[in-house]
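So that the names make sense, note that chain A is the first sequence line, chain B the second, and so on, each numbered from 1.
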Amino acid sequence: MEIPAKYESSAIEKKWYKYWIEKKYFHSEPDDREPYVIVIPPPNVTGVLHMGHMLNNTIQDILVRRARMLGKNAVWVPGTDHASIATEAKVVAKLKNEGIEKNTLTREEFLKYAWEWKEKHGGIILQQLKELGASCDWDREAFTMDEIRSGSVIKVFVDLYNKGLIYRGVRMVNWDPEAKTAVSDEEVIYSEENSKLYYVKYKIVGEDNYLIVATTRPETILGDVAVCVNPNDTRYSGLKGKSVIVPMVNREVPVIFDEYVDMEFGTGCLKITPAHDINDYEIGIKYNLPVIDIFNDDGTLNHSAGLFVGEDRFKARELSVEELKKLDLILKIEDYQNKVGRSERTNSVIEPKLSLQWFLKMEQLSKPALEAVENGNVNLIPSKFKNVYRHWMENVRDWCISRQLWWGHRIPAYYINDTNEFVVAGTEKEAVELAREKTGNKNLEAKDLYQDGDVLDTWFSSWLWPISVFNGILEPENPDFKYYYPTNDLVTAPEILFFWVARMIIAGYEYAGDKPFSNVYLTGIVRDKQRRKMSKSLGNSPDPLDLIKEYGADGVRVGMLLCSPAGGDLLYDNSLPEQGRNFANKIWNAFRLVKSWQVDENIEQPEHSKVAVRWFESKLNETISNINQQFDTFRLSESLMSVYKFFWDDFSAWYLEIIKPEYQKPIDKETYVRTLDFFKKICLLLSPFMPFISEELWQFMKDKNDPESIVIAKWPEINVVDKEILDEFENCQQVVANIRTVRQEKNIPQRDKLKLYVIKHCSYSSVFDTVSIKLGNLEEVIFTEEKINPSSGFLVKTNEYFIPLGNLINKEEEITKLKEELKYTEGFLVSVMKKLGNEKFVNNAPVNVIEIERKKQADAEAKIKILKEQIEGLK
RNA sequence: GGGAGCUUAGCUCAGCUGGUUCAGAGCACCUGCCUUACAAGCAGGGGGUCAAUGGUUCGAAUCCAUUAGUUCCCACCA
């Protein structure tokens, strides 16, 4: 069979993914085996794959593929999130493009458009995951708004309401005027922005004097109901019982006193606008002040404002400033930096706004979830997130779960005859029953009820995800749920630790009586080389699919993982997938080499191959053991690096070089068989990281006893690790490296054979001499008692090696080299002697440590003696 | 304002229980090679007061304290 010289990724990837799907290798059903479960963090249904997804899903795939190879019944459940606010925003924008305004549509009409959009664009991202090689069980795909998931959400809402944990109340919420909905605290991003601080004059009633108030939001003056100063502030002690005139609207409001006011800030006078500032609101309650809400839901001013009605809030700010200037009520304007909250979804400035919302009481619910992470039942990786988690959970606030949107799970509360009386029920029928009970009116019909117009926060469905994907809410006794829950590992970004992870743990204990997962692997954020977050708006994010096309899925996977430890940011650069692609090509070429060999059953296995096989077997086992350990501690980058170095250095640069037959000569059967076996085992180790190329090679190499696909092959077992042979081989590697250096320094071509003389001073195993002969291209290795002069010499441990080179040797150079080494060794000996001469050290240090030092001393002394002799000999 | 973390080679990071894994890896860099698997490669090489200071200890990159720089989380002072 013809094997191409370069690894062609695209065709191979398509071929094997199709094959895996046809063979249903990724599908799982409950059986006797131990389950291994990952649920995907569901991407937005209308989203497209970005670099963060790539990293995240590569990690999940690596974990699930290895678990599958370990013989576990592994399942990775895929799905998408309806992402109510993000999706609704997209649909609104799309309709607007087509000249349709949302507010001209009925709810039903809008939802029809939204579902159409979902059907058309939904799941693109899941298709893209397939290109990455994601081994999800596609038969189990779930959507947060499909029947089972919706039913689960409603059931849970009703249950929490009946438990008294959900309540409806007027609260100051974060209002997104663009999306016209409340958003949760977690969805508000604060950042420093440049603004102005306006010093505004408020006339004191009955005095010809002004009180100066500093504000960043002059437009809210229209909603002022008081001015507040600190009671300890001597500047204002004369103002007791006075009132001031609110500028522009000329409303008379009281001056009140509260220690909340910071005397240092601005003028020490704070204007109170309860409707538009959370702190003002609380002060308003405390002093029983009225609330004047001057904004409409879209951020324009309403009639309560009195002025600038219908203008946008920012326009109103400008107009207010103009007006104040005209009235000569502005003392000064300063540049000022303050923190401005913006909506995560729409980026519009959040408006604190009073509104009637639904809340979930969190304090009681979150207790077991806090406990679980504290006691290690749920393990956060890296563990530094434990602190962050604890801090949040201990200060958790009630969760505002209602959103003024249409796309989502509609709140199952039904108002009776448009009153504020309501019942909460899973279905309309039940609602009618309850309403009849509640009102005593047996004639109540469905038409007398009106369902709450709000939908639930997206996270109110995703917090159930690990349970609901197995239908564990609606049918807690079903075999899937009983078998797969709790899941094992969750892989996600630290940004959603509170949004999602914490709440899933809460829901797990409340609705499944157990944690939702054992380990949470928190990935880093993918950034560019300047450490900027990759984002569409910055245009610094490459398209993952282009990368896959260019570097191959395996190459990209390797690139993503090579330097991204858990919790550490990934500084992306094209050199990463390049390195991955180069690695794939390296593997491919090693394979081409092995595949090109002709086997001759009649030739004996050469000595160098025999020892190479012995060494490599131990090296392989040692490596597997390391990799297992790294997997167990979630050091995935390190485990990949272990495989990488093992393949590149140990296998390609050493093992294959040793056993490689001369050009166009055949190889003996024993070595060939062993080599194929090694190569197959390496493919197994590579398979979780690089599923495509490892499958391709597996198909070439497998024999009739092997599984038909590497996907279902077993992870290699560890056999003996012969420490001694590993050690001896390292000496051999040093000998070879020294020979190579001599060749390079003296310009001796590789094809010229050299003689190597050895004087043994310490343990010397000659089993690897054949290896030195082959790789160093030596004529022979000769043991001697006499130093060889003139020659180029080197030491490995305390054994002396000489390569006689006649007139190529420059005595002075050799002496200088030796003297340098002598000097270093003497210095080293001094430091060791100092330690050993220290009584306290000898008395306190453990025996083995002292022994090590004595060994160092002996070695150094021996080395010094040899070096001195060599220098003498040369003179 | 409250809290947590980080600082080791040019870059990204390991270094887990203080002592043989103790100063490491990959990439980048430098030198020499188109040597019949691979230039997407091979061989060789240089490079770090382990942020600073002090302490504990026979012994500190590692433990403690202080300082500096830096990142993140929480709270949201108009």
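Base pairing analysis places C30(B) opposite G44(B); the two distances defining the Watson-Crick or G-U wobble pair are each below 3.5 Å. The partner of C6(B) is G69(B), judged by Watson-Crick or G-U wobble contacts that both fall below 3.5 Å. Taking a pair to require two hydrogen-bonding distances under 3.5 Å in either a Watson-Crick or a G-U wobble arrangement, G59(B) remains unpaired.
Rounding to whole angstrom units, CZ of residue F679(A) and C1' of C38(B) are separated by 12 Å. For the pair F647(A) CZ and G41(B) P, the computed distance is 13 Å after rounding to whole Å. What separates CG of D569(A) from P of C6(B) is a distance of 15 Å, to the nearest Å. With rounding to whole Å, K332(A) atom NZ is found 15 Å from A78(B) atom C1'.
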For nucleotides 70-75 of chain B, give me every protein contact, N/O to N/O, under 3.5 Å, one pair per line with atom names.
unit_1: A75(B); atom_1: O3'; unit_2: R397(A); atom_2: NH2; d: 3.2
unit_1: A75(B); atom_1: N6; unit_2: K339(A); atom_2: NZ; d: 3.2

Please produce a list of atom pairs where a protein N or O lies less than 3.5 Å from an N or O of nucleotides 57-61 of chain B.
unit_1: C58(B); atom_1: O2'; unit_2: N838(A); atom_2: ND2; d: 2.9

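Counting non-hydrogen atoms under 4.0 angstrom, N279(A) reaches the backbone sugars and phosphates but no base. L270(A) comes within contact range of at least one nucleobase, with a heavy-atom separation under 4.0 Å. Nucleic acid contact for Y336(A): sugar-phosphate only, since backbone atoms but no base atoms lie under 4.0 Å from a heavy atom of the residue. In this structure, A737(A) reaches the sugar-phosphate backbone alone: every heavy-atom distance under 4.0 Å involves primed, P, OP1 or OP2 atoms, never a base. Among the protein residues, R390(A) comes within range of no part of the nucleic acid, since none of its heavy atoms lies under 4.0 Å from any strand. Counting any heavy atom pair closer than 4.0 Å across all strands shown, S637(A) reaches no nucleic acid atom.
When N338(A), D335(A), T216(A) are each tested for a side-chain hydrogen bond (donor to acceptor under 3.5 Å, both in side chains) with S195(A), only one passes: N338(A). With K271(A) as the partner, the side-chain hydrogen bond (donor to acceptor under 3.5 Å, both in side chains) test is satisfied by one option alone out of T215(A), D277(A), D280(A), T220(A): T220(A).
Comparing A52(B) with C38(B), their C1' atoms are spaced 48 Å from each other, to the whole Å. The gap from the P atom of A75(B) to that of U17(B) amounts to 33 Å, rounded to the nearest Å. If you take atom P in G47(B) and the same atom in A25(B), they sit 14 Å apart, rounded to whole Å. Using atom P as the reference point in both U21(B) and C11(B), the two lie 29 Å apart (nearest Å). For the C1' atoms, the distance from A4(B) to A9(B) is 28 Å, rounded to whole Å. The same atom, P, is picked in A51(B) and in G10(B); the two are 13 Å apart, to the nearest Å. On the C1' atoms, U35(B) is 15 Å away from G44(B), given to the nearest whole Å. Nucleotides A28(B) and G41(B) place their P atoms 9 Å apart, quoted to the nearest Å.
Contact annotation: R740(A) side-chain N/O to G44(B) OP1/OP2 distance is under 4.0 Å. Contact between the side-chain N/O atoms of N387(A) and the OP1/OP2 oxygens of G3(B) is not found at any separation under 4.0 Å.
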ask   = Can Y202(A) and C269(A) be said to form a side-chain contact (heavy atoms from CB on, under 4.5 Å), step by step?
value = CA-CA 10 Å; Y202(A) 285 55; C269(A) 288; over 6 Å; no
Pair L570(A)-M560(A), side-chain contact (heavy atoms from CB on, under 4.5 Å): steps then yes or no = CA-CA 8 Å; L570(A) 170 62; M560(A) 297 303 290; 3.6 Å; yes
query = Would D528(A) and R532(A) satisfy salt bridge (charged side-chain N to carboxylate O under 4.0 Å, His left out), going step by step from the backbone distance to the final call?
reply = CA-CA 5 Å; D528(A) 67 11; R532(A) 295 177 307 177; 2.8 Å; yes
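The side-chain hydrogen bond (donor to acceptor under 3.5 Å, both in side chains) check on N230(A) picks up N232(A), with sequence neighbours excluded. W597(A) meets the ring-ring contact (aromatic ring centres under 6.0 Å, His included) test with no other residue; sequence neighbours excluded. With sequence neighbours excluded, the residues that form a ring-ring contact (aromatic ring centres under 6.0 Å, His included) with F651(A) are F616(A), F647(A), Y655(A), F679(A).
One finds a salt bridge joining K835(A) and E853(A) here, because a Lys/Arg side-chain nitrogen approaches an Asp/Glu carboxylate oxygen to under 4.0 Å. Here E363(A) does not pair with R397(A) in a salt bridge; the nearest charged N to carboxylate O distance is not below 4.0 Å. Under the 4.0 Å criterion applied to side-chain N and carboxylate O atoms, E334(A) and K332(A) are assigned as salt-bridge partners.
Under a cut-off of 6.0 angstrom, the local environment of NZ in K746(A) is crowded, with over 12 non-hydrogen atoms contributed by other residues, nucleotides or ligands.
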note = Letter by letter from the 5' end, nucleotides 23-36 of chain B scores (B base, S sugar-phosphate only, - none; protein heavy atoms under 4.0 Å) --SSS---B----B
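Considering only side-chain atoms of R635(A), the nucleotide from G44(B), C16(B), U12(B) that sits closest is C16(B). The side chain of A653(A) approaches A43(B) more closely than any other nucleotide in the set C38(B), A43(B), U12(B).
Aromatic ring centroids of F583(A) and Y644(A) lie under 6.0 Å apart. Here the two rings, on F385(A) and F498(A), have centers that are 6.0 Å apart or farther.
For A40(B), the base has no donor-acceptor partner in the side chain of K586(A) [N/O atoms by modelled type, under 3.5 angstrom]. A donor-acceptor contact under 3.5 Å links the side chain of E657(A) to the base of A37(B).
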